[in-house]
Each structure stands twice: as structure tokens, then as C-alpha cells.
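Just below is one structure, and these are the notes that go with it.
Each chain gets a letter, A, B and so on, in the order its sequence line appears, and its residues count up from 1. The basis for the numbers below is simple: all heavy atoms, side chains too, and nothing from hydrogens, waters or symmetry mates.
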Amino acid sequence: MGYKEADVALTVHDIWKSYTERIDTEIELSGWVRTERTSKDFGFIELNDGTFFKNIQIVYDNTLNNFDEITRITTGSSLTVKGKLISSPGDKQPFEIKASNIEVLGLCDQVFPLQKKRHSVEYLRTIAHLRPRTNLFRAVFKVRSLVAFAIHKFFTDRNFVYVHTPIITGSDCEGAGEMFGVSTLDMNKPPRKEDGSLDYSKDFFGKQTNLTVSGQLNVENFCMAFRNVYTFGPTFRAEKSNTQRHASEFWMIEPEMAFADIQDDMDISEEMVKYLISYVLENAPEEMAFFNQWVDKGLLERLSFVLNSDFGRVTYTEAMDELIRSGKKFDYKPEWGIDLQTEHERYLTEEVYKRPVFVTDYPKDIKAFYMRMNEDGKTVAAMDLLVPGVGEIIGGSQREERYDFLVKRIEEMGLSKEDYWWYLELRKFGTNKHCGFGLGFERMVMYMTGVENIKDVIPFPRTPGNCEF
RNA sequence: GGGAGCUUAGCUCAGUCGGUAGAGCAACUGGCUGUUAACCAGUUUGUCGGGGGUUCGAGUCCCUCAUCUCCCGCCA
């Protein structure tokens, strides 16, 4: 290496990974007190520095010159410990540190809201600045980080190019939902046109702009240059959705592949989901064991079943037949032409297939304009991936690559083809069959951790009426 | 946007028929020579979400507002 490696201090992670070689050696360690237990002449502290899921037990006794101070240490305080790493007589840990010196760096105030007991996730949301210090949230956000890395690794290993599509968009009609406006106009006295409407020509970009709801239209342009591409970034939806699986700001992965059809789209989706699961199982076994014990007892069994089975694949028409045949009472009566309701999706993925299932070839009227018209003229080459517990985790399609068909769909849906001039040009300059999908990043993290509310897999969640922190 | 439910100590909750509030944990004090959400004893802690009403009397019944949670719609 042509550069000097940074000289960093020993961490809890280092020690857990190499304690067998460090037995009876002197070490120094800094971290936060997770819990402590004291007796008259000795005590125990469980210390964690955030680098590993497990704690390290510190044993101390009244030979410390500041013994009285240490017995009064509170959960959450920060310390530097010097001492010898020894094998532990206790059952719960293979080793511990016999402290020769403990320095209190920052005492934790008595009103510290995190106690050594279970808190409700609802309460922890009100202290989002402190909740990453809990076992649950440390596990969640470690897994979130690993999934993000695994996504990049999956696509990079397959020679996909990562494209940063814009966050601010000038098209106000992407069709994927309500958008957040981006403006520097003075909201108290905005410029108006003669008819009284807002004059966006005076705004920062000289036109109305919004936060993106999808990078797809942009990334398709790069797809025509690099063949296989993907975006991975924040996405914004201004819908007042009030559910456990919607957020106003979330992250989305949108791959796009040229010279590929909807079957290829499903194949790569399935491969990716399985890759992400296996990557996390391999790289965060402590965290996954924690989820399996405290969050969802069936998690590990379910995930390993998913790894070893093929996802279901069914057309919308077949799925409707299945729902009608079931004779089950639904609030929304299944009928060809209506969109699949949540209760229908749950029935299919949780009761019929009991595993992830692709539903394909939806009626054209309930899907976006850019999806490819099938030969029947009634359905489009769309695919949704439904998973038990979370619902729709992926939505994708083969794109309409035929210029005339695309223009016709834009007009049928009452959109303006002038707004899509650059998107339409792709169909003139070397068009080809291509496809892609959007993976809800948080929904993937929910599926892999068993955590049921999207607010608990986002560091500082933004939802209607809530932008605290 | 539609619907349901919740709100009592720092946290998790109980509170019967309407009679002025309780437990566990935390914190604090003391005890304890190997703990594992340590244990034992003691002490402290309340605008019962806000406002209004019924009543001799409201945590409890009614109205209203707010927060949060869940379900549906929108979607990822």
C-alpha cells in the first residue's frame, strides 16, 4: 500500500473477533455503559462502543482508586477502561476484562430515558436521537447499512453502472403520486400571472419543480448507454398515507436493463432478493439472531425457506380466478379489472403461496403509461413482487419500446407528450425491449428484520405531520 | 382522504358500581465476595392528554380538540 494505515484504537469488534489470541494481555477500551451491577466490594459493567452487537463485561473491585465513583456509574455513561483480558468464569460470556483503571469520560444524567428494560417502539420513536443506542435499533441500522452495501455489491458484481438521477425534477407528471414542490418564491406574496395562477417563470428554475418520486424516466436514458444500470437514492411522496409501510421520504433501488424482457426482470429481482437475504444472514448473524428471538420467532426459518425455494409466478388473471374460486369473503369482491387490494395480496402471498410471489400482466387501465402493451391489447407487462407480512416490495415492468404505442398511451391517459419529449426520443434512437423495477429499500429491511413499522427502519423518519429531529 | 382504538408516575401498565390514585421497573439510600434485565430492604415520584359539561362528588359518564397507534385507499 502506498499510504500509511490509520492507527486506530482497539474496538469491541476487534476484541470479539480475536479474544482467543488476546487472553492475559493488557488492553484499553472506550465505550458506553449498557448496564451495570454492583456489590459491596466489586461490580460488573457491560460496555459497548457500537462496533459490535455484543457487549464486553468489565469486572472491577475496590482496589480501583476511584471505586466509589465507579459504583455510582449510570447506564449510558462513557468510559475508558484499562485492564487485562481474561477468560470469564461466568456462563454468558467467554471472556471479560479485569479492570486496573477506569476513567469516567461523561457521566450519564439520571434522567437518561433509556433504561435496562424493554421499551415500546412507539416510545422510542419519540426519542429518535437516542434510540440507535438500544439493541433493537442498533441491530436494525446495522442491517440497513449491510443491505445498502449488498445492493451495490450485487449490481456492481454484475457490471451494472450506478447512476445518480436528480433529486429535483422539472416534470410534474411522473404519475407515481403526489409530489413535494421545490420553490424559492416568497409564499407570502408570490408572483402571479394575469389569471391569478402562480407565475413559476419567476421561480428559481424558471418553471415548476418538485422532489423526485422516481428516477426511472431518467435512468432509462442511461440504460440506453450502459445497457445495465441502477439508481439507489432518496425518493419523496407527498401522499398523506397513514400506514405502517409508507413514509414521505424513503429510499428506492431502480435497476433498468436493455435487451431484456419481463421474464429477465423477474429473474434478476428474485436473484437480488435472495442475494440480499443471504448476505445479511452471513454478515450479521448476531443481529439476525436477536430479531429471531425478540421481534419475530419465525424469521430465520422463513428466510432460509425463501432462499431455498422458487418464488411463485402468477398472472393477474390467474390470481383473480384463484381469488374468486377461493369463495373467501373479501371486503372488496375480486373481479377482473379492479386492482388487487391489500387483502387480496395478503391472501395470495400468505395463504396460497406462503412465500414471495410475482403477479404479472395487469389490466392496462390500472398501471402506468410506460408499461409495455401485451398482445391481447388489454394487459401490460407489469410485475409486482408480494411478500408475506410486508406486501408489495417490488413493482416493475417491461417498458413500452414502440414509439407509436407509447404516444398512444400518453394521450389515452390525458398526459402531454411534449412533457416527455426526451423520454420519447429513446424510442426513436435505437429502441429495444428493456425492463426494470423499483425495490422499496425500507420494505426490504422490514422483510429481513421482521420489524413491522417503516418508521422503525429509517433513522429519522418523515411522515405526514412529523418532521421532528 | 375514510374508519377504529389509545392517552393514568421517568418507563410498562392496573384502577371494579362515579366516592379525591396503585403495582412492577427506573432513580435515590442502605445491604450483599461472581453478577447476567443480578438480588434484598427502604425512600421519592402524578395538572389521570387539553378544554367544556352532567353530578353533592368524575381517572371513571357526555361533548370537543389534540397526540399517538392500527386498518383501508395511494404505492415502494
d(CG, Leu114(A); P, A27(B)) in whole Å:
13 Å
Would you measure the distance from the P atom in C11(B) across to the matching atom in G73(B) and give it in whole Å?
34 Å
Is it possible for you to check whether Arg313(A) lies under 6.0 Å from the centre of the six-membered ring of Phe311(A), through NZ or CZ, and within 45° of that ring's axis?
no
When the distance from CD of Glu345(A) to P of C72(B) is rounded to whole Å, what number comes out?
10 Å
Counter-base of G1(B), judged by Watson-Crick or G-U geometry with both distances under 3.5 Å
C72(B)
Among Phe441(A), Tyr275(A), Phe232(A), find the one that has a ring-ring contact (aromatic ring centres under 6.0 Å, His included) with His152(A).
Phe232(A)
For A21(B), the Watson-Crick or wobble counterpart (both distances under 3.5 Å)
none
Have Gln216(A) and Tyr370(A) got a donor and an acceptor in their side chains that come within less than 3.5 Å?
yes
Whichever of Glu392(A) and Arg125(A) has its nearest RNA chain B nucleotide further upstream toward 5':
Arg125(A)
Does Ser241(A) make a side-chain N or O approach to OP1 or OP2 of C75(B) shorter than 4.0 Å?
no
Using whole Å, what does the distance between atom P of nucleotide C71(B) and atom CG of Asn242(A) come to?
10 Å
Return yes if the base of U67(B) and the side-chain atoms of Glu122(A) contain a donor-acceptor N/O pair under 3.5 Å, otherwise no.
no
When the C1' atoms of U8(B) and A4(B) are compared, how many Å lie between them, rounded to an integer?
22 Å
Quick check on Phe236(A): does its CZ atom have over 12 non-hydrogen neighbours (other residues, nucleotides or ligands) under 6.0 Å away?
yes
Stacking between Phe250(A) and A76(B), defined as ring centres under 5.5 angstrom apart with planes under 30°, is that present or not?
yes
Counting the atoms with a prime plus P, OP1 and OP2 as sugar-phosphate, which does Tyr332(A) contact under 4.0 Å by heavy atoms, base, sugar-phosphate, or nothing?
sugar-phosphate
Distance check, C1' atoms only: C70(B) and U64(B), in whole angstrom units.
23 Å
Heavy-atom side-chain proximity of Asn135(A) to Phe53(A) below 4.5 angstrom:
yes
At under 4.0 Å, does any side-chain N or O of Gln244(A) touch on OP1 or OP2 of U69(B)?
no
Rounding to an integer number of angstrom, what distance separates C61(B) and C72(B) when you compare their C1' atoms?
31 Å
